[in-house]
Amino acid sequence: MSSIGYLTESAKYFTKEEAIQEAKRCKLCEEAHCSKGCPIGSNPREFIELVAKEKIQDAIELLRENNPLAGICSRVCPYETYCVGGCKKSSLKEPIMIPFIQKFLTEHEKDTNTIIKKKSIELSSGKKIAIIGSGPSGLSAAASLAKKGHKVVVFEAREDVGGWLSYGIPPHRLPKEIIKEDVEYIESLGVEFITNCSIGDDKTFDDLRKDGFDAFLVCTGFNKGRILKVKGHELDGVYDAVSFLAEAKSKDGNIPTGKSAIIIGGGDVGMDCGTTAKLIGYDKVRVVVRGPLEEMTASKKELNYLHKVKVPVFDNFDSVQIIGDNENKVCAMEFKGVNDGSKLILDADTVIFAVGQMSDGIEKIAPVETDDRGLVVTNNFKTNIDDIFATGDIVKGDKTACYATALGKKVAIAIDEYLAK
């Protein structure tokens, strides 16, 4: 435990020898459940076969061609339900650890200073696309559209590219340098990034149309956290998960801390808040969830890491009120048992709600149609405005980074077909 810090990456690394040995265990089954289980289409069966044959450079090229965010996805993919989950359907006693092989390939790419890029991208279509938001769906779409010969400019409101990747997922899961490396690959395809530029404030869609852009992709994500409106939610020391994680990651964990924190929420974001709070200096951190432990939506690997850094989970407790002191600062929180009505009071100077996220100001960016949940209404990614498309967290669907990467590839096809008309 003493060797684990906020910036310490938690996942395993394969050496070249370990990656080859693991790849050689693969049965190369015709069903290729691993490839079928990958929403991005990374085609693990094929790059594993190349690694087994020690054709490392060919494997990197195949991986990059299929997944522009290969380094990122090798770390944040919920592989238990995707590729590794598919491999469990094979005859192997233990599934192939595909993300570790993929991580080795991207690390080898970095170590050998090799950037693989499509050789035909110099041919320009003469079309310009503006992408609003640089999360995984925007980055993936940018790479795919650039490969099709289009000029792509990505506008990001913040200082760093990456969206939730850069401002949400803590470094033990996703170090900053991994995001930088994947972004550099996308830049090598000819994609331009403009940061500190808020569309709706600094520029409007009409401005961009005057600048010659032919199509637009909005993928600004869910950039605002929710707080439960329980009694005491307005007290000093209450935070939403989005704000807490963003501040911690942007400052490498060097932020003011208290002594005792409570995290409300049982998803991966809740686990991220729990591990972050513990690793940046809180003496005592507790996670409280309303349902039973076995029904938590957090992935097994994130729950295991939470336990590794010694953060307990209190399950089957519902929030009642946050208790403040005479200076209106958090000093404790009260809960009641979901099943038996029992009472639980935990001391704390910080309460962090990891209970969902929402879009902040999509209507200010573009006057697109939204539903009653604030999600953008689309038909094959197309909004009610002819030249504006939308994808990522602001449309219906799975909210994982890997699923968003897959959506980026799909929306690129829809935009390319629109521009061909």
Side-chain angles (χ1 to χ4, degrees), residues 78 168 170 222-246 248 257-280 282-360 372-375 393 398-400:
F222 282 171
N223 48 12
K224 185 177 181 180
R226 296 181 186 274
I227 289 178
L228 293 180
K229 302 301 183 183
V230 298
K231 183 180 179 181
H233 72 272
E234 74 287 347
L235 291 169
D236 184 14
V238 177
Y239 302 92
D240 67 86
V242 173
S243 301
F244 173 71
L245 292 173
T257 63
K259 292 184 177 180
S260 179
I262 295 172
I263 317 298
I264 311 298
D268 279 347
V269 175
M271 304 305 98
D272 287 344
C273 288
T275 54
T276 294
K278 185 69 174 180
L279 294 175
I280 65 174
Y282 281 88
D283 294 330
K284 187 162 51 176
V285 180
R286 284 72 42 89
V287 173
V288 182
V289 297
R290 191 178 189 280
L293 192 66
E294 59 271 17
E295 293 181 9
M296 286 173 58
T297 58
S299 65
K300 183 179 179 181
K301 62 179 179 178
E302 300 314 322
L303 182 58
N304 287 343
Y305 193 70
L306 185 81
H307 290 156
K308 184 176 181 178
V309 299
K310 303 188 184 307
V311 174
V313 177
F314 292 76
D315 63 338
N316 292 307
F317 279 98
D318 202 3
S319 302
V320 175
Q321 65 172 325
I322 303 169
I323 302 168
D325 60 17
N326 293 333
E327 296 179 347
N328 288 322
K329 294 182 179 179
V330 173
C331 64
M333 188 164 181
E334 180 184 345
F335 302 89
K336 65 178 179 181
V338 172
N339 300 319
D340 56 12
S342 58
K343 186 176 180 179
L344 172 69
I345 296 180
L346 298 175
D347 66 294
D349 50 41
T350 303
V351 173
I352 303 166
F353 284 100
V355 292
Q357 298 154 240
M358 55 188 172
S359 176
D360 183 22
D372 55 1
R373 293 180 297 167
L375 298 173
D393 286 350
D398 193 342
K399 304 305 179 187
T400 69

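Positions are given from 1 along the sequence. The analysis underlying the following values was restricted to heavy atoms, covering all of them including side chains, and did not include hydrogens, waters or symmetry mates.
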For Met271 and Ala298, the nearest pair of non-hydrogen atoms, with its separation, is CG-CB, 3.4 Å

Got a second to check how far Ser319's OG is from Phe353's CZ, nearest 0.5 Å?
-> 5.5 Å

Kindly determine whether Lys231 and Glu334 satisfy side chain to side chain contact (heavy atoms under 4.5 Å, CB included), including the steps that lead there.
-> CA-CA 10 Å; Lys231 183 180 179 181; Glu334 180 184 345; over 6 Å; no

Do the side chains of Thr350 and Ile262 get nearer than 4.5 Å, heavy atoms only?
-> no

Should the ring pair Phe317 and Phe335 be called parallel, tilted or perpendicular, given that the plane angle runs from 0 to 90° and is split at 30 and 60?
-> perpendicular

Hey, does the side chain of Asp236 reach the backbone of Lys329 with a donor-acceptor pair shorter than 3.5 angstrom?
-> no

Looking at side-chain heavy atoms only, is the closest gap between Val330 and Ile323 below 4.5 Å?
-> no

If you look at every heavy atom in Leu306 and Val287, which pair is closest and at what distance?
-> CD2-CG2, 4.0 Å

Out of curiosity, Glu295 CD to Asp315 CG, how far, rounded to the nearest 0.5 Å?
-> 10.0 Å

Nearest heavy-atom approach of Gln357 to Arg226 is O-NE, 3.6 Å

Going by atom types alone, do Arg286 and Ser260 pair a side-chain donor with an acceptor below 3.5 Å?
-> yes

Ring pair (Phe, Tyr, Trp, His ring centres under 6.0 Å) against Tyr305, all qualifying residues, sequence neighbours excluded | His172

Side-chain donor/acceptor of Asp347 to backbone N/O of Cys331, under 3.5 Å | no

When rounded to the nearest 0.5 Å, the distance separating CZ of Arg373 from CE of Met358 is 14.5 Å

Output yes when Asp240 and Lys224 qualify as a salt bridge under the 4.0 Å nitrogen-oxygen rule, no when they do not.
-> no

If we only count heavy atoms from C-beta on, is the Val269 to Leu245 side-chain gap below 4.5 Å?
-> yes

Separation between CD1 of Ile264 and CZ of Phe314, rounded to the nearest 0.5 Å = 11.0 Å

Which atom pair, heavy atoms only, marks the closest approach of Thr297 to Gly267?
-> OG1-CA, 3.3 Å

Where do Pro312 and Val285 come nearest, in terms of heavy atoms and distance?
-> CD-O, 3.2 Å

Exam field: side chain Asp349 to backbone Lys259, donor-acceptor pair closer than 3.5 Å = yes

Out of curiosity, Leu293 CG to Leu303 CG, how far, rounded to the nearest 0.5 Å?
-> 6.0 Å

Please confirm whether the backbone N or O of Val230 pairs with a side-chain atom of His233, one donor and one acceptor, at under 3.5 Å?
-> yes

Step-by-step side chain to side chain contact (heavy atoms under 4.5 Å, CB included) determination, Ile263 to Val288 | CA-CA 6 Å; Ile263 317 298; Val288 182; over 6 Å; no

Return the minimal non-hydrogen interatomic distance between Tyr239 and Ile227, and the atom names on each side.
-> C-CD1, 4.0 Å

Can you tell if the side chain of Val311 reaches within under 4.5 Å of the side chain of Thr275, non-hydrogen atoms only?
-> no

Flag the pair Phe222 / Val242 as yes when at least one side-chain heavy-atom distance between them is below 4.5 Å, and no otherwise.
-> no

Answer whether the closest heavy-atom distance between the side chains of Leu344 and Met333 falls below 4.5 Å.
-> no

Ionic contact status for Lys336 with Asp318, cut-off 4.0 Å | no

Flag side-chain contact, heavy atom, 4.5 Å: Arg290 against Asn316 = no

